[in-house]
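Following: one structure in structure tokens, then a few remarks.
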Amino acid sequence: MNPLEHELNYPLGDALPALGNTLEIAPGVRWVRMGLPFALDHINLWLLRDEVDGQAGWTIVDCGITSDATRDAWEQVFANELAGLPVLRVIVTHMHPDHIGLAHWLTERWNCRMWISATDYNAARLASSATTGFGGASAAAFMASHGLTDPASIEKIKARTNYYASMVPKVPASFRRLLNADVIRIGGHDWTCHVGYGHAPEHMSLHCASLGLLISGDMVLPRISTNVMVIDLEPEANPLPLYLDSLTRLRVVPEDTLVLPSHGKPFRGLHQRIAQLHAHHDERYAEVMDACAEAPQSGADILRVMFRRPLDLHQTTFAIGESIAHLNALWLAGRLRRETGADGVIRFSVA
Ligand SMILES: [Zn+2]
């Protein structure tokens, strides 16, 4: 446990639901944990006891990636944990593969609707049928313009054209739209949607005041900082202030709320964690400014300042995206200026 985690409280201790089983968090709220084939090796999903149009059943929140292992784990959950009741709807917090991957299968399996923000629905449809953002020629050119110039890496990024679709081969053909401040009645409780920007196009966290629970999705995680990156689709994007402003707005959720994050363990200390994340990014901003004061820096140069550990190519592309998020924020705030060199690489220096 890192020192910052000691400032948070984990009321369930080290308890984890076994694969294919669930752990009860509150009456009618169950925690499901599935594997992921990344360094981040798991995702938390949630089962909420529900009743829709007079029919008793369950709402699922988030799905896991499309894989045989995840499908098998869901089948075990269905056999063991639903008390013989059906799944009535699938709510997806955002369009990333570990959250929406199996939505097509779950909604077909149970003949039910997926609920998601419209922006994330459309982004998922696009990403599932295109290469934008995660690989292909456009991503390779974008990475090269930010200083990732070694030919072997560039070739590998160009070749990685199937990254999203491999985990999200299909997106349900229809959806029900979630909007900020929507209140969804689930199992006799009101859950309010809180939009979050900067991590995904239009991420929805769900807060239930009567149960004292926040399904935070990826917006607030206890151990790691949420990925906030710039991709080739929107090269001048400024997602970091959007993310930090979204966190600030989440402070309307009471501090004693039990936070159910997509990765890591349920915790209390929401306001404390939000303060930690603001401080984390303030420190990164300061490091980037210091480096740019010494010499002009590309996104790839800043990587060495912000991440002081060896990264594989997959981690490198995400980390450069995060470096650019910090550089763009400082550039668009007028604190840095940028210049494209004769080598085609964009470098930032103090304005
Ligand atoms: Zn995500």
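Below, all heavy atoms of this structure are taken into account, side chains as well, without hydrogens, waters or symmetry copies. As the structure lists them, so they are numbered: ligands from 1, and atoms in each ligand from 1.
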Angle class for the F348/H146 ring planes (parallel below 30°, perpendicular above 60°, tilted otherwise)? parallel
Cut-off 3.5 Å, side chains only: do D218 and H94 have a donor facing an acceptor? yes
Under 3.5 Å, is there a donor on one side chain and an acceptor on the other for T59 and R89? yes
With clusters defined by side-chain heavy atoms of hydrophobic residues (ILVMFWY) lying less than 4.5 Å apart, directly or transitively, does L16 cluster with L19? no
Looking only at N, O or S atoms, which one in D218 sits nearest to the Zn ion (ligand 1)? OD2
min-distance N/O/S atom, H96 vs the Zn ion (ligand 1), resolves to ND1
Any N/O/S atom from H94 (main chain or side chain) under 2.8 Å of the Zn ion (ligand 1)? yes
Contact flag H99/the Zn ion (ligand 1), N/O/S atoms, threshold under 2.8 Å: no
